[in-house]
Amino acid sequence: MIEKIRAYSFPALLVWLLFLVINSFFGFSMHPLVIKGTMVLLVVAFGYYVVNMKLFSYVTHRIIDAFLAFFAIATMTFLLLRLLPGGPFDQEKTLPPEIMANIAKKYNLDAPIYQQYFDYISGLFTLDLGESYKYIGRPITEMLIEVLPASVELGVFSLLLAFILGIPAGVLSAANHNKFLDRLLMFGSISGVALPSFVVAPFLILIFAFKLEWLPAALWDGPSYYILPVLALGSRPAATIARLTRASVLEVIASDYIRTAKAKGLSRLKVLFKHVLKNSLLPVLTISGPLVAGLLSGSFIVELIFAIPGMAKHFVQSVNNRDYPLIMGVTLLYSGLLILSNLIVDLLYSYFDPRIKLS
Amino acid sequence: MFKLITVALTSLLLSVSCTKKQKTEYGLDHKETLKINITTEPPTLDWSKSTDTTSALIQDNIMEGLVDYNFDDPDLSLKPSLAKEWSSTNKEQTWTFTLRKGVKWTDGVELTPQHVVDGWERLLSPATASEYAYFLYGIKNASKYNKGEIKDFKEVGVKINDKGQIVVELEGPQSYFPYLLTHHCTYPVRKDIIAKHGDRWTNPANIVTLGAYNLKTWEHDKAIVLERNENYYGEKAKTKNILAYMIKEASTAITLFETGKLDVQGNLPSAELKALKKKPEFKQNGILLLYYYGMNTTKPPLNNVNFRKAISHAINRDEITTMLDGGQKPMTSWVPPGMFGFEPEKGTKFNPSKAKEFLAKAGYNEENKPPKIELAYNTNEDHKRIAENVQAQLKKHLGVTVEIKNEEWKSYLGKLKSNTPHIYRMGWVADFPDPDNFLNLMTSYSDNNHTNWGNPQFDTLIKKAVSVDKKEERRELYSKAQKILTEQDVPVIPIYSGVSHLLINKRVQNYPMNVMGRRKFKEVVLK
């Protein structure tokens, strides 16, 4: 029984956390039972980690590696920014030199580069990413916290859509190999992969907002506003996941142990979803790391088209504005998400395939 | 895994089935709310520091200056605002402003002359690092204070006299000085509020203002809500609320306009103008904007004035504005229409035979062909279309080969300073409606003059014109200056004057449209 609790605590924790995220983003009040349930799960999961010292040591090593990578990224970005032509305060109406001098002094841009670098890095230890040059007086940390929820909402729902549609479609496709359903699903997935979001989004707006008038064309004011952007952003990863799952399932389905399972008289569905699927998910897991980071940090095109107040625009606009602190902020946030999601994926590898050892 | 998916789906369904919090466009009544699009997040609502039009639009509705434009007057005269009257003495070198009584900030505190002086002191303080500090450089010792050469603001030429009037002493005569006080950077401030809240003083909970509207909500990157100021000193705003969305993508905003979510949309993409012009909601008005090409007068062959004249004569501006089809006015002179000093007859007109004559004078003919020249612009679809058109015209009329190059905006600006190309694109929007604002930028001492051209006679005319109080005399001086700039030395090629395009819902009446692009909504009525 304890073994079972241990084995299930990790995925269960993930699901509960997901539930909490969804609830908080929709703005529902949380029932005390939900909070208590989460607390219990957290304790169980924590116990699982403590008991499993090997995992603990692995995670510790990875976190140290992550810090080193983080430091390297911060340094590289800081230096590369200074090599970009054009400064943050260059504009159509050139400013008198004395005003430029006041601005440089205010933002510490008149200090030697090494001094600016050390100031920035030391600020990182207290999560002080500085103030934006463009959005005067606004701390970068605060700005990112303000725009992150919309991007995460969009990302989480798109991710859910991608998994919920992609995995069953891949399994069904493989189970009906070379039959009509397989061809239909693969036609759909090839179309999904081929159509970028900037084509899908206007198409969806035209049909659902203009012609049918079922859904709002843009803005971000509640669940009905989420549907079109999530479809636009999630359809492509869903199609990719479907294709990957199909290929992987086809490989696993030919294994001896699947033949044995079938010979035992297990139902087709049970064979597929209990024995085949678990071992077919490794390739999907591999792409999930960058996919999660990419989707959580938002999509420039989708956020732009649907006027979603997310963070993706900062990836482009901060560079256009040469807003050094904001560029650093979004780069480090994205790096952090990427490192974290890859770590989670690596941990999930050993869960899905116990033959893979963490080291 | 199947269990995982099941639980995830159940969570999603549970979430969706729970009661949702009420969220209906900030709880505003559609009938009393003008819904506009300000395109982007305002970089700051601190009027001493902002430099962009988005911030200015909000600031102009929640604050006021000492004076305001009278847009009913074609000459764009000034009308009282926070100042009830003003006068000048000492040949427009000393200005006196008398404040209106009974104007109250939103926290009930009465406006005093000290608030105005505080605003100017803050603007000029080196610690504020305001990009618009130079606006008040005409005031005695103001630039020294901004440079930190003077530490005590009392030495700057701004005083409050015994009658409670604000007396401004300038470095020299400046006939347009009151016009500067229409600009948001010169609005009064409350130092006590700024000291109390620091950089967060512009948050809706902290800010105090005195304009026709109050700042009610500011949801970053999403929307701003303005609410009618019931304690406004003048006639109250006719529309109760302004809901300003921040929608960057023009096609998205147009979609929202067409589905009734927006009442007004500017920023119309030129590629869609042809279709949009057919709509009854389409409106356009001229604005004080000049689109021009500058020429690097130190780079051969453009160091030869005859070659520059040949280039300018070979460009048919009508062809460009016809191609753009957005109502722009072709320009050969420098001061745009809608402002005194506009002289459409000035400049080098399109004349291919004259162009060829000047090319020959520059020493180029069939045997000695002109070298290839570079034309640069910042990446933008319209700039590209214009550059390609000019490229084709110069090839056709002069046989000059033009290589067009585009660069991202900041890189482009860096290039203009470090290695100005043969020909570069640039634009100028009026800060205040006076020819000085346009002609000053081509003086030899202007930081905005990238042509490396300078003419002492031109500089003298501009300096003199500022100090003259008679309008006709000023007009004469600016006319001579324009002649030097666009006919004699030709370091620039004016192309067209700008137009603003808008879609305005039929239910919106009295929407402000003027040459300065000022949008004050207090007169807007919703049907």
Side-chain angles (χ1 to χ4, degrees), chain A residues 11-12 15 18-19 22-23 26-28 84-87 89-99 101-103 105-107 134-138 143 146-147 160 163-164 167 202 205 209-210 216-223 273-274 277-278 281 304-307 309-310 313 320-322, chain B residues 1-2 4-5 7-9 11-12 14-16 18-21 23 25 41 43-44 46 49-51 126-131 133-134 143 146-147 199-200 202 219-222 245-249 251-253 255-256 258-259 261 408-415 417 426-428 447-448:
Chain A
V15 173
L18 187 68
F19 177 75
I22 293 167
N23 272 283
F26 271 107
F28 306 123
L84 274 180
F89 298 98
D90 287 345
Q91 50 180 284
E92 196 152 16
K93 296 180 179 178
T94 311
L95 297 172
E98 56 272 24
I99 289 179
N102 286 339
I103 292 168
K105 191 175 176 190
K106 182 178 176 180
Y107 292 104
K134 172 82 178 171
Y135 302 97
I136 301 169
R138 289 184 64 196
M143 282 179 73
E146 272 170 1
V147 290
L160 275 177
F163 284 125
I164 290 168
I167 294 172
I205 292 172
F210 257 124
L219 302 178
W220 198 246
D221 275 339
F273 284 96
K274 189 164 183 184
L277 186 59
K278 193 176 168 188
L281 283 180
L304 194 69
I305 293 177
F306 290 99
K313 64 177 172 296
N320 287 343
N321 295 328
R322 302 288 189 277
Chain B
M1 191 61 211
F2 188 65
L4 257 173
I5 295 169
V7 180
L9 270 173
S11 322
L12 190 65
L14 270 173
S15 308
V16 176
C18 291
T19 321
K20 189 182 154 281
K21 274 183 188 170
K23 280 183 185 173
E25 286 181 357
E41 162 85 0
T44 175
D46 185 334
K49 295 181 180 177
S50 70
T51 55
T128 311
S130 172
E131 295 180 33
Y134 69 88
S143 76
N146 189 237
K147 284 176 195 166
D199 278 336
R200 293 176 194 275
T202 53
E219 200 171 346
H220 292 298
D221 296 292
K222 196 172 174 187
Y245 284 112
M246 301 161 196
I247 303 161
K248 176 90 177 155
E249 178 59 26
S251 55
T252 303
T255 307
L256 290 173
E258 286 173 350
T259 52
K261 284 263 182 184
E408 173 269 338
W409 180 230
K410 294 275 181 180
S411 307
Y412 179 72
L413 290 173
K415 190 176 181 177
K417 284 181 195 160
M426 198 39 90
W428 189 263
D447 296 312
N448 292 297

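Computed from a predicted structure; not experimentally measured. Each chain gets a letter, A, B and so on, in the order the sequences are listed, and its residues count up from 1.
Taken to the nearest 0.5 Å, the CD atom of B:Glu249 stands 4.5 Å off from the CG atom of A:Leu304. One finds the OG1 atom of B:Thr128 at 11.0 Å from the CD1 atom of A:Ile136 (value rounded to the nearest 0.5 Å). Rounded to the nearest 0.5 Å, atoms CH2 (A:Trp220) and NZ (B:Lys222) are 9.5 Å apart. Note that CD1 of A:Ile305 and CD1 of B:Ile247 are 13.5 Å apart. Values are rounded to the nearest 0.5 Å. Note that the CG atom of B:Asp447 and the NZ atom of A:Lys93 stand 13.5 Å from one another [nearest 0.5 Å].
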Margin query: Could you walk me through whether B:Ser411 and A:Arg322 satisfy the side-chain contact (heavy atoms from CB on, under 4.5 Å) test, starting with their C-alpha distance in whole Å, then the side-chain angles of each, then the deciding distance to 0.1 Å, before giving a yes or no?
Written below: CA-CA 10 Å; B:Ser411 307; A:Arg322 302 288 189 277; 3.2 Å; yes
Next item on the list: Walk me through it: do B:Glu41 and A:Lys313 pass the test side-chain contact (heavy atoms from CB on, under 4.5 Å)?
Entry: CA-CA 11 Å; B:Glu41 162 85 0; A:Lys313 64 177 172 296; 5.9 Å; no
Note to self: Applying side-chain contact (heavy atoms from CB on, under 4.5 Å) to A:Asn321 and B:Trp409, what does each step give before you reach the verdict?
What the structure shows: CA-CA 9 Å; A:Asn321 295 328; B:Trp409 180 230; over 6 Å; no
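Residue with the most contacts toward chain A among B:Lys49, B:Lys248, B:Glu408: B:Glu408 (heavy-atom pairs, distance under 4.5 Å). Among the candidates A:Ile99, A:Ile103, A:Leu84, the residue making the largest number of heavy-atom pairs closer than 4.5 Å to chain B is A:Ile99. Highest contact tally toward chain A, considering only B:Thr252, B:Asn448, B:Leu413, B:Thr255, is held by B:Asn448 [criterion: heavy-atom pairs under 4.5 Å]. Per-residue counts of heavy-atom pairs under 4.5 Å with chain B were compared for A:Gln91, A:Lys106, A:Arg138; the largest is that of A:Arg138.
Heavy atoms closer than 4.5 Å to chain B are found in the side chain of A:Phe210, but not in its backbone. Neither the backbone nor the side chain of B:Tyr412 comes within contact range of chain A; no heavy atom of the residue lies under 4.5 Å from a heavy atom of that chain. Looking at B:Thr202, neither its backbone nor its side chain comes within 4.5 Å of chain A, counting heavy atoms on both sides. Of the atoms belonging to A:Ala218, heavy atoms from both backbone and side chain fall under 4.5 Å from chain B. For a residue to count as touching a neighbouring chain, one of its non-hydrogen atoms must lie under 4.5 Å from one of that chain's; by this rule A:Leu219 touches chain B with the side chain only. Proximity to chain A is absent for every atom of B:Ala253, based on heavy atoms less than 4.5 angstrom apart.
In this structure a side-chain-to-backbone donor-acceptor pair under 3.5 Å is present from A:Glu92 to B:Gly427. Distance alone, capped at 3.5 Å, places no donor-acceptor pair between the B:Lys415 side chain and the A:Pro85 backbone.
Within the 4.5 Å cutoff, side-chain heavy atoms of A:Thr94 are placed close to those of B:Lys417. No side-chain heavy atom of A:Val147 sits less than 4.5 Å from a side-chain heavy atom of B:His220.
When the shell of 6.0 Å around NZ of B:Lys147 is examined, it contains more than 12 heavy atoms from other residues, nucleotides or ligands.
Under the rule for a salt bridge (charged side-chain N to carboxylate O under 4.0 Å, His left out), A:Lys134 has no partner lying at least two apart in sequence or in another chain.
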